[in-house]
Amino acid sequence: MGGREVAESCVDNLIIEMVSAYCNRFYESKPDLAARRIEAIGYQVGLQLSERYTMERPRFTDHLEAIKFICKDFWSEVFKKQIDNLKTNHRGTFVLQDNRFRWLTRMSVDPTQTNTDSSLETTENKETQSASMHLYFPCGIIRGALTSLGIPCAVSADMSNLPACSFVVRIKV
Amino acid sequence: MAPIVPRSGDAVFANVERVNAELFTLTYGAIVRQLLTDLEEVEEVNKQLDQMGYNIGIRLIDEFLAKSNVSRCVDFKETAEVIAKVGFKMFLGVSASVTNWDADGMSCSLILEDNPLVDFVELPDTCQGLYYCNVLSGVIRGALEMVSMKTEVTWVRDMLRGDDAYELKVKLLKQVSEEYPYKDDE
């Protein structure tokens, strides 16, 4: 693709600030609504990026081919690496695992620290909560990208294995 | 020990981690779009974009100082040049020019002819009054406040509104002198 570049910290800071604005200012007491808005922003980005990246490609013939495109080309453009592991149950569910998900490693979220102090525990919960809020954005991106390829789906994220992160894609039939 | 030499904007940009500008531009566009839906009032969107920029600016200044090796600027004129030539370049990959100084050197214009924030952007008529790039003015205001300069940053020209360039007026309102609890030689 080549072309214009900006510093990566521009993207990081913009996302951090967007998530914080939605969670702490606009919908402070309504995390569900904040999550939905953050996902919607991601969806829009995924939709447009995918349209751009596939402009000169033939249409994908099946779901697996489209998912592979997301894992390889699309992920490389956005995260500068490919998805590390792809699993499927062959019934419309795909698990895309990134062993070192860039946006989590760069956001200095570290819920792996274990401590028993209760006051620290709440901070930790808060951090985990904010990390999961951040994940609505990439979930939205994946859903938007697949939708633009003609595949309606639901996407959720699992970060129980940090810094690895898994995205679960369930294709709607 | 060799003195630390300030680096040119090009050199700093070449050394930072970079991404495809598309991701940045489309993410910003999607945020503005969602804000317009959620906040309804264009005025409120302008305000929130500025606030987001301010919050980003107060964090970004650390990265800027750490990576640019820029030392203390002697005056506001030098500060403006550094923002235009090093700051903009380091983060957005484009530099700005500085003009329109007032007589006492307290206000100037930063002019951007190339602005990655607005690639692929066209504003519908319903967005009249929107300062699409308001995040930028917020960033500058926030970053300068962290180095003790209170400023007011406003848009003078905006290509999305039909002007021929992007022009930001930066006015120094107050310079808070830093007071150290000790002297240099102690």
Side-chain angles (χ1 to χ4, degrees), chain A residues 1-22 24-27 30 33-34 36-53 55 73-81 102-103 105-108 136-138 140-141 144-145, chain B residues 9 12-35 37-39 44-45 47-64 66-67 87-94 114-117 119-120 135-136 138-139 142-143:
Chain A
M1 230 124 291
R4 198 199 271 271
E5 289 184 317
V6 295
E8 189 171 35
S9 63
C10 291
V11 178
D12 294 345
N13 278 294
L14 192 57
I15 297 172
I16 292 172
E17 192 45 43
M18 176 270 287
V19 172
S20 136
Y22 271 93
N24 306 327
R25 292 212 297 276
F26 307 152
Y27 297 106
K30 297 173 188 155
L33 274 184
R36 221 178 300 163
R37 299 297 187 269
I38 294 166
E39 205 268 352
I41 293 171
Y43 176 84
Q44 192 63 38
V45 174
L47 201 69
Q48 286 178 292
L49 280 178
S50 170
E51 274 168 12
R52 285 173 183 280
Y53 297 161
M55 236 181 262
D73 307 54
F74 188 86
W75 217 256
S76 303
E77 283 291 344
V78 180
F79 299 109
K80 302 201 280 188
K81 72 185 282 290
R102 209 167 177 93
W103 285 349
T105 56
R106 292 175 62 91
M107 273 157 198
S108 60
Y136 284 105
F137 185 66
I141 291 186
Chain B
V12 186
F13 188 61
N15 279 303
V16 296
E17 288 266 7
R18 295 180 305 276
V19 281
N20 225 311
E22 259 175 352
L23 174 64
F24 173 64
T25 308
L26 293 176
T27 300
Y28 186 67
I31 292 172
V32 176
R33 189 179 171 140
Q34 191 66 45
L35 289 177
T37 310
D38 296 337
L39 306 175
E44 184 61 20
V45 175
K47 201 180 117 195
Q48 290 300 335
L49 288 174
D50 177 75
Q51 180 68 48
M52 291 173 79
Y54 177 83
N55 294 346
I56 293 173
I58 59 180
R59 289 195 302 266
L60 222 52
I61 185 74
D62 288 333
E63 186 182 347
F64 173 75
K67 291 182 177 166
F88 272 93
K89 184 77 197 185
M90 164 175 168
F91 291 107
L92 296 178
V94 295
D114 185 16
N115 177 357
L117 268 188
D119 288 342
F120 343 111
V135 75
L136 287 183
V139 168

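By convention in this document, chain letters (A, B, ...) are assigned in the order of the sequence lines, proteins followed by strands, and residues within each chain are numbered from 1. Side chains are part of it too, since the values below use all heavy atoms of this structure and drop only hydrogens, waters and symmetry mates.
Distance check, rounded to the nearest 0.5 Å: OG of A:Ser76 to CG of B:Asn20 gives 11.5 Å. Between B:Gln34 atom CD and A:Met18 atom CE the span is 9.5 Å, to the nearest 0.5 Å. For the atom pair A:Phe137 CZ and B:Ile31 CD1, the distance stands at 6.5 Å (nearest 0.5 Å).
For the pair B:Leu26 and A:Val45, the tightest heavy-atom approach, listed with the atom from each and the gap, is O-CG2, 3.7 Å. Between B:Phe13 and A:Glu5 the shortest heavy-atom distance is CZ-O, 3.4 Å.
Heavy-atom distances place both the backbone and the side chain of B:Phe91 under 4.5 Å from chain A. Using a 4.5 Å cut-off between heavy atoms, A:Tyr27 contacts chain B through its side chain alone, with no backbone atom that close.
Side-chain contact between B:Val19 and A:Lys80 is present, with at least one heavy-atom pair separated by less than 4.5 Å. With contacts defined as side-chain heavy-atom distances shorter than 4.5 Å, the pair B:Asp114/A:Arg4 qualifies. Here the side chains of A:Glu17 and B:Val135 are not in contact, with every heavy-atom distance at 4.5 Å or above.
Under 3.5 Å, the side chains of B:Gln48 and A:Arg25 contain a donor-acceptor pair of N or O atoms.
The choice from B:Val94, B:Leu92, B:Asn55 that makes the most heavy-atom pairs within less than 4.5 Å of chain A is B:Asn55. Taking chain A as the reference chain and counting heavy-atom pairs below 4.5 Å, the highest number among B:Leu39, B:Thr25, B:Leu23, B:Asp38 is found for B:Asp38. The candidate from B:Leu60, B:Leu35, B:Thr37 with the greatest count of non-hydrogen atom pairs under 4.5 Å with chain A is B:Leu35. Counting heavy-atom pairs closer than 4.5 Å to chain A, the top residue among B:Glu63, B:Met90, B:Arg33 is B:Arg33. Top candidate by heavy-atom pairs under 4.5 Å with chain A, chosen from B:Val139, B:Thr27, B:Val16, is B:Thr27. For the set A:Ile41, A:Ile38, A:Val11, A:Leu49, the entry with the most heavy-atom pairs within less than 4.5 Å of chain B is A:Ile41.
Ion pairing between a basic and an acidic side chain is recognised when a charged N comes within 4.0 Å of a carboxylate O; B:Arg59 and A:Asp12 show no such pairing.
Applying the 6.0 Å contact sphere to OH of A:Tyr43 captures more than 12 heavy atoms from other residues, nucleotides or ligands.
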